[in-house]
Protein chains: 2
Amino acid sequence: MSHTQTQPTELVGRELILQEAARLFTRQGYNGISMREIAEACQMTKAALYYHFTNKQDLLREILKTYLSSMQQQLSLAKESSGSVRQRIYGVAHAIFDQNPQQRAVIHLIFVDAPHLEENLRGEIGCLYHDQFSGVLETILQEGIDHNEIVPVDPRLSAQLLLGMMYPFFHPRRALTSEETWTAVELILKIFFEGVEKR
Amino acid sequence: MSHTQTQPTELVGRELILQEAARLFTRQGYNGISMREIAEACQMTKAALYYHFTNKQDLLREILKTYLSSMQQQLSLAKESSGSVRQRIYGVAHAIFDQNPQQRAVIHLIFVDAPHLEENLRGEIGCLYHDQFSGVLETILQEGIDHNEIVPVDPRLSAQLLLGMMYPFFHPRRALTSEETWTAVELILKIFFEGVEKR
DNA sequence: CCTACCGATCGGTAGG
DNA sequence: CCTACCGATCGGTAGG
């Protein structure tokens, strides 16, 4: 019997390291996890980690780049879809929150740990984050302004605020049910588009 | 000539440690800063730190407790003031953003570093944060619902979302001007109360 | 508050 | 020459 379909738990080598390191970094922070702990989680030696990755920062970089690259594909689908701005932003929310919480938590790493990295890597991640993630949101919002669907706000700033409301739900610590998560997402989009004030 | 008014740069002992540790923790993260680095910033030995604080976690705890205690006083003034919900929430925003960026950054520590602390301390900080900070916002929002000023939303969740929008502006890295900060705060409150959708 | 240290662990690398 | 690691240890630093 041959298993042609690899289960997530059956990952080996480089892919296993990326998965386990992402899991540990999101739980304890980049500086709160040692290469030894990552190696133990992978049931490898520390040296095996350094065979696959130059150093600890390189490991984090690859986690973030891999994630952002896959997110861009999902987000682009939402961006190119037909429908109102609100519907397309809803598509973006689906691209983010249909992922399992562990994948989604990688965004949290970008918010929390990237700022503490050395200048070069921080800049590199910042560019990727904008090009492949927040920039997609900004483009949709700009189109909404151009088509007179939303009021003329700064797209960059308002994209940042929209993502800011989602930020707490990127962290996997307080494991919410799917229902709780979507209740929150619905309220986020309601507030972003309508606000809470009685009219 | 006697200087009865102490400048912030003239702090000594415990107060100096609290200030320098807060500054370093907010820049590099709790796990990214060593006790040795804090000692050097204070021009003390490491042992002097352990004279004033039990250990590294205790030092962080005292930073957060001191901050939350002073914030509660400010926030309570906003809560008890007369005016609409929107005006009182505006007062809360003033209490937060009239502080200098370094003080404000302590909230960032609560968001980013408290989750990685051990269970006991995390719970203690979480309770203080809710009692003295987010809970004040929730109360104001609940009153707004009771007085039919805003639509019936979950006060806890919506307070979290409002603070989520402010979150990026708690971090002192990208030092914004006061004007940029208030442009952002105005947009945050506009979105929270009115949304961005054309009507 | 300092000098003088500790057990252990850090990120990273050697030859095979 | 390669990929995919191993056991052991490097020079320094962590919190206490």
Side-chain angles (χ1 to χ4, degrees), chain A residues 6 9-64 66 109 112-122 124-125, chain B residues 6 10-64 109 113-122 125:
Chain A
T6 306
T9 49
E10 295 173 19
L11 288 177
V12 290
R14 182 184 160 96
E15 298 304 314
L16 176 63
I17 297 169
L18 286 171
Q19 175 190 268
E20 290 300 306
R23 186 175 63 82
L24 293 169
F25 283 156
T26 52
R27 273 163 179 69
Q28 300 283 122
Y30 175 76
N31 282 319
I33 287 292
S34 68
M35 292 295 265
R36 179 185 53 80
E37 288 170 298
I38 296 169
E40 283 171 4
C42 299
Q43 293 176 289
M44 295 174 187
T45 62
K46 220 172 26 149
L49 267 44
Y50 286 94
Y51 172 80
H52 289 288
F53 302 93
T54 305
N55 52 34
K56 196 185 179 187
Q57 286 207 351
D58 180 54
L59 173 53
L60 179 62
R61 177 186 14 241
E62 292 305 313
I63 291 169
L64 301 183
T66 303
L109 274 180
V112 166
D113 288 297
H116 302 148
L117 299 174
E118 66 165 40
E119 170 62 26
N120 285 347
L121 181 50
R122 199 172 66 233
E124 182 187 341
I125 297 303
Chain B
T6 306
E10 296 173 20
L11 288 178
V12 291
R14 181 185 160 97
E15 297 305 311
L16 176 62
I17 297 169
L18 286 170
Q19 175 190 267
E20 291 300 305
R23 187 176 62 83
L24 293 169
F25 284 156
T26 52
R27 273 163 180 69
Q28 300 282 120
Y30 174 76
N31 282 319
I33 287 292
S34 67
M35 292 295 265
R36 179 185 54 80
E37 289 171 297
I38 296 169
E40 283 171 4
C42 298
Q43 295 176 286
M44 294 174 187
T45 62
K46 221 171 24 152
L49 269 44
Y50 285 94
Y51 173 79
H52 289 287
F53 302 94
T54 306
N55 53 34
K56 197 185 180 189
Q57 286 208 351
D58 179 53
L59 172 52
L60 179 61
R61 179 189 8 242
E62 291 307 311
I63 291 170
L64 301 184
L109 273 180
D113 288 295
H116 302 148
L117 299 174
E118 66 166 39
E119 171 63 25
N120 285 348
L121 181 49
R122 199 172 67 235
I125 298 302

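In what follows, every heavy atom counts, from backbone to side chain, and hydrogens, waters and symmetry copies are set aside. These figures come from a predicted structure and were not determined experimentally. Within every chain, numbering begins at 1; the chains are lettered A, B, ... in the order of the sequence lines, protein sequences first and strands thereafter.
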Task: Spacing of the C1' atoms in C:dG16 and D:dA4 (rounded, Å) - done: 13 Å

TODO: Can you tell me, in whole Å, how much space there is between the P of C:dA8 and that of D:dG12?
DONE: 22 Å

Task: Main-chain N/O of A:Gly29 paired with A:Asp113 side-chain donor or acceptor, under 3.5 Å - done: no

- [ ] Whole angstrom is fine here: how far is it from NE2 in B:His52 over to P in D:dG16?
- [x] 17 Å

TODO: Would you kindly give the OH-to-C1' distance between A:Tyr50 and C:dG11, to the nearest whole Å?
DONE: 4 Å

TODO: For B:Ala47, answer base if it contacts any base atom (sugar-phosphate contacts may also be present), sugar-phosphate if it contacts only those atoms, and nothing otherwise; contact means non-hydrogen atoms under 4.0 Å.
DONE: base

Open item on the list: Looking at A:Glu37 and A:Ser34, would you say the former's side chain and the latter's main chain have a donor-acceptor pair under 3.5 Å?
Closed with: yes

Open item on the list: Between B:Tyr30 and B:Leu109 (side chain of the first, backbone of the second, donor and acceptor by atom type, cut-off under 3.5 Å), is there such a pair?
Closed with: no

Task: Nearest-0.5 Å distance, CD1 of residue A:Ile17 to CE of residue A:Met44 - done: 4.0 Å

TODO: Using whole Å, report how far CD of B:Glu40 lies from P of D:dG15.
DONE: 12 Å

Task: Selected nucleotide, minimal atom distance to B:Lys46 side chain, candidates D:dG15, C:dC2, C:dT9 - done: D:dG15

Task: Student check: side-chain heavy atoms of A:Phe25 and A:Lys56 closer than 4.5 Å - done: yes

TODO: Hunt down any stem DNA chain D takes part in, defined as 3 or more consecutive Watson-Crick or G-U pairs whose two distances are each under 3.5 Å.
DONE: none

Open item on the list: Can you measure B:Arg36 atom CZ to D:dT13 atom P for me and round it to whole angstrom units?
Closed with: 6 Å

Task: Interatomic distance, B:Leu49 CG vs C:dT3 P [rounded to whole Å] - done: 14 Å

Task: Nearest-Å distance for atom pair CG/P, residues A:Asp58 and C:dG12 - done: 10 Å

TODO: Under 4.0 Å between any heavy atoms, over every strand shown, what does A:Ile33 touch: base, sugar-phosphate, or nothing? Just pick one.
DONE: sugar-phosphate

Task: Whole-Å gap separating C1' (C:dC2) and CD1 (B:Ile17) - done: 13 Å

TODO: Supply the atom-to-atom distance A:Ile38 CD1 to A:Arg23 CZ, rounded to the nearest 0.5 angstrom.
DONE: 10.5 Å

Open item on the list: I want to confirm an ordering. Mapping A:Asn55 and B:Ala48 to their closest nucleotides on DNA chain C, which one lands closer to the 5' end?
Closed with: B:Ala48

TODO: Would you mind telling me which of C:dC10, C:dG12, C:dC1 lies closest to the side-chain atoms of A:Glu37?
DONE: C:dC10

Open item on the list: Whole angstroms only, please: what is the CG-P distance between A:Asn31 and C:dT9?
Closed with: 18 Å

Open item on the list: OP1 or OP2 of C:dC10 versus the side-chain N and O atoms of A:Ser34: is any pair under 4.0 Å?
Closed with: yes

Task: N or O in side chain of B:Thr45 less than 4.0 angstrom from C:dC1 OP1/OP2 - done: no

Task: Out of C:dC10, D:dA4, C:dC2, whichever nucleotide has its closest atom nearest the side chain of A:Tyr51 - done: D:dA4

TODO: With rounding to the nearest 0.5 Å, note down the distance linking CG in A:Leu16 to CD in A:Glu20.
DONE: 5.5 Å

Open item on the list: Donor-acceptor pair, distance only, cut-off 3.5 Å: does the side chain of A:Arg122 make one with the backbone of A:Leu117?
Closed with: yes

